[in-house]
S.K.: 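If you scroll down you'll find the structure; I have some questions about it.
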Amino acid sequence: MRFTDSRACLVVVFALTMVPSVMAQSLQVVRLDGTSTTLTAAQIAGAPHVTVDVKDHDSQAKFEGVALSAVLALAGVQSGGAMRGPQLSQALLVEASDGYKVVFALAEIDPDFATREIILADKRDGKPLDAKQGPFRIVAPGDKQPARWARMVTSLRVVAVK
Ligand SMILES: Nc1nc2c(c(=O)[nH]1)N[C@H]1C(S)=C(S)[C@@H](COP(=O)(O)O)O[C@H]1N2
Ligand SMILES: [Mo]
């Protein structure tokens with residue numbers, strides 16, 4: 001009996017410790033007006049994926065993910081042909097769970113403007129990203145340095161440059 005009780009207790013403790021990690025498997029997208037949408041890892045996993053082959057240090061890595069423009073579209077942030085005027089001075093602030101932040105101009109993300117590909121990766125070499133990288137990581141193969149390839153991304157925030 002005692003054994004069963006302590007085992008049940010362990011299961012409960014384990015389940016509780018899992019809650020924050022499950023909750024962290026989501027991405028907040030904040031629009032310019034301050035309203036936001038939370039996308040679940042399942043929603044992102046279900047969106048059309050692209051694959052990019054990149055050099056990581058001395059080896060090759062295959063990242064799979066969703067085009068950043070498509071992630072924004074899932075949250076109702078318009079880009080594409082409709083982008084003009086004030087939107088050209090807007091940026092996307094990418095924030096990670098360790099406080100790391102990077103920005104991309106919205107026009108830079110937009111496939112109708114830029115020839116570069118920027119993705120929100122959720123897999124590397126066929127496997128989900130590990131805790132140090134995931135659940136989501138920016139991969140921008142057009143950057144010669146991987147410094148903007150933010151790991152552990154928690155939010156994407158549209159901001160206006162004044
Ligand atoms: N969240 C987060 N992402 C980050 C960083 C960081 O400190 N925090 N460092 C960046 C820098 S400077 C580099 S060079 C790469 C390193 O990626 P790696 O750890 O996969 O080699 O991650 C980038 N993404
Ligand atoms: Mo770096």
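Note that the coordinates shown come from a computational prediction; the quantities given were computed from them, not determined experimentally. Below, each value reflects all heavy atoms present in this structure, side chains not excepted, and no hydrogens, waters or symmetry copies.
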S.K.: Can you tell me how far apart CD1 (Ile44) and CG (Leu27) are? Round to the nearest 0.5 Å.
M.R.: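 If I round to the nearest 0.5 Å, the distance is 4.5 Å.
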S.K.: Does Leu156 share a hydrophobic cluster with Trp149, counting links as ILVMFWY side-chain heavy atoms below 4.5 Å and allowing steps through other members?
M.R.: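 No, no single cluster joins them.
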S.K.: Which heavy atom in Val158 sits nearest to a heavy atom in Gln90, and how many Å separate them?
M.R.: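 Closest pair (atom of Val158, atom of Gln90, distance): CG1-OE1, 3.9 Å.
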S.K.: Give me the atom names and distance for the closest heavy-atom approach of Arg31 to Val77.
M.R.: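 Shortest heavy-atom separation between Arg31 and Val77 comes out as CG-CG2, 3.6 Å.
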S.K.: Closest approach of Gln28 and Thr38, non-hydrogen atoms and distance?
M.R.: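 Gln28 and Thr38 have their closest heavy atoms at CG-OG1, 4.2 Å.
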S.K.: Using modelled atom types only, decide if a donor and an acceptor are shared between the side chain of Asp122 and the backbone of Phe136 within a distance under 3.5 Å.
M.R.: no
S.K.: Between Ser155 and Glu95, is there a side-chain donor-acceptor contact under 3.5 Å, judged purely by atom types and distance?
M.R.: yes
S.K.: Would Val71 and Phe63 show up in the same hydrophobic cluster when neighbours are defined by side-chain heavy atoms closer than 4.5 Å?
M.R.: no
S.K.: Measuring from atom CD1 of Ile119 to atom NE2 of His49, what distance do you get when rounded to the nearest 0.5 angstrom?
M.R.: 8.0 Å
S.K.: Hey, could you give me the CG/CG distance between Asp110 and Leu88, rounded to the nearest 0.5 Å?
M.R.: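 Answer for the CG-CG pair, Asp110 versus Leu88, is 9.0 Å.
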S.K.: More than 12 non-hydrogen atoms from neighbouring residues, nucleotides or ligands closer than 6.0 Å to CD on Gln60, yes or no?
M.R.: yes
S.K.: If two hydrophobic side chains count as joined below 4.5 Å and joins carry through other members, does Val29 share a cluster with Met152?
M.R.: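 Per the 4.5 Å side-chain linkage, Val29 and Met152 are not co-clustered.
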S.K.: Closer than 3.5 angstrom, by distance alone: can the side chain of Gln133 be matched with the main-chain N or O of Asp130 as a donor-acceptor pair?
M.R.: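 Such a contact is absent between Gln133 side chain and Asp130 backbone.
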S.K.: Looking only at heavy atoms, what is the nearest atom pair of Leu129 and Lys123, with distance?
M.R.: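 Scanning both residues completely, I find the closest heavy atoms to be CD2-C, 3.8 Å.
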S.K.: Which heavy atom of Ala67 sits nearest to which heavy atom of Val50, and what is that distance?
M.R.: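 Smallest interatomic distance, heavy atoms only, reads N-CG2, 4.3 Å.
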S.K.: Can you tell me how far the CD atom of Glu64 sits from the OG1 atom of Thr51, to the nearest 0.5 Å?
M.R.: 4.5 Å
S.K.: Flag yes if Leu74 and Ile109 sit in one hydrophobic cluster, no otherwise; membership is Ile, Leu, Val, Met, Phe, Trp, Tyr, and two members link when side-chain heavy atoms are under 4.5 Å apart.
M.R.: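 In one cluster: yes.
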S.K.: Testing Asp143, Leu92, Ile118 for side chain to side chain contact (heavy atoms under 4.5 Å, CB included) with Ile138, which one passes?
M.R.: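 One option only clears the test, and that one is Ile118.
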S.K.: Would a single hydrophobic cluster contain both Leu32 and Phe113, if residues Ile, Leu, Val, Met, Phe, Trp and Tyr are joined by side-chain heavy-atom contacts under 4.5 Å?
M.R.: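 They do share one cluster, since a chain of ILVMFWY contacts under 4.5 Å joins Phe113 to Leu32.
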S.K.: If you compare all heavy atoms of Ala107 against all heavy atoms of Ala114, which two are closest, and at what distance to 0.1 Å?
M.R.: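 Looking at all heavy atoms of both residues, the closest pair is O-CB, 3.8 Å.
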S.K.: With distance as the sole criterion, is a donor-acceptor pair present between the side chains of Arg157 and Ser36 under 3.5 Å?
M.R.: no
S.K.: Nearest 0.5 Å, please: how far is CG in Leu120 from OG in Ser69?
M.R.: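 Interatomic distance, Ser69 OG to Leu120 CG, rounded to 0.5 Å: 11.0 Å.
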S.K.: Between side-chain atoms of residues 97-104 and protein atoms elsewhere (two or more places apart, or another chain), which donor-acceptor pairs fall under 3.5 Å?
M.R.:
{"from": "Asp98", "atom 1": "OD1", "to": "Tyr100", "atom 2": "N", "distance (Å)": "3.2"}
{"from": "Tyr100", "atom 1": "OH", "to": "Ala147", "atom 2": "O", "distance (Å)": "2.6"}

S.K.: Counting N and O atoms only, with roles assigned by atom type, does the side chain of Arg116 sit under 3.5 Å from a partner on the main chain of Glu108, one being a donor and the other an acceptor?
M.R.: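 Checking the backbone N and O of Glu108 against the side chain of Arg116, no donor-acceptor pair under 3.5 Å is found.
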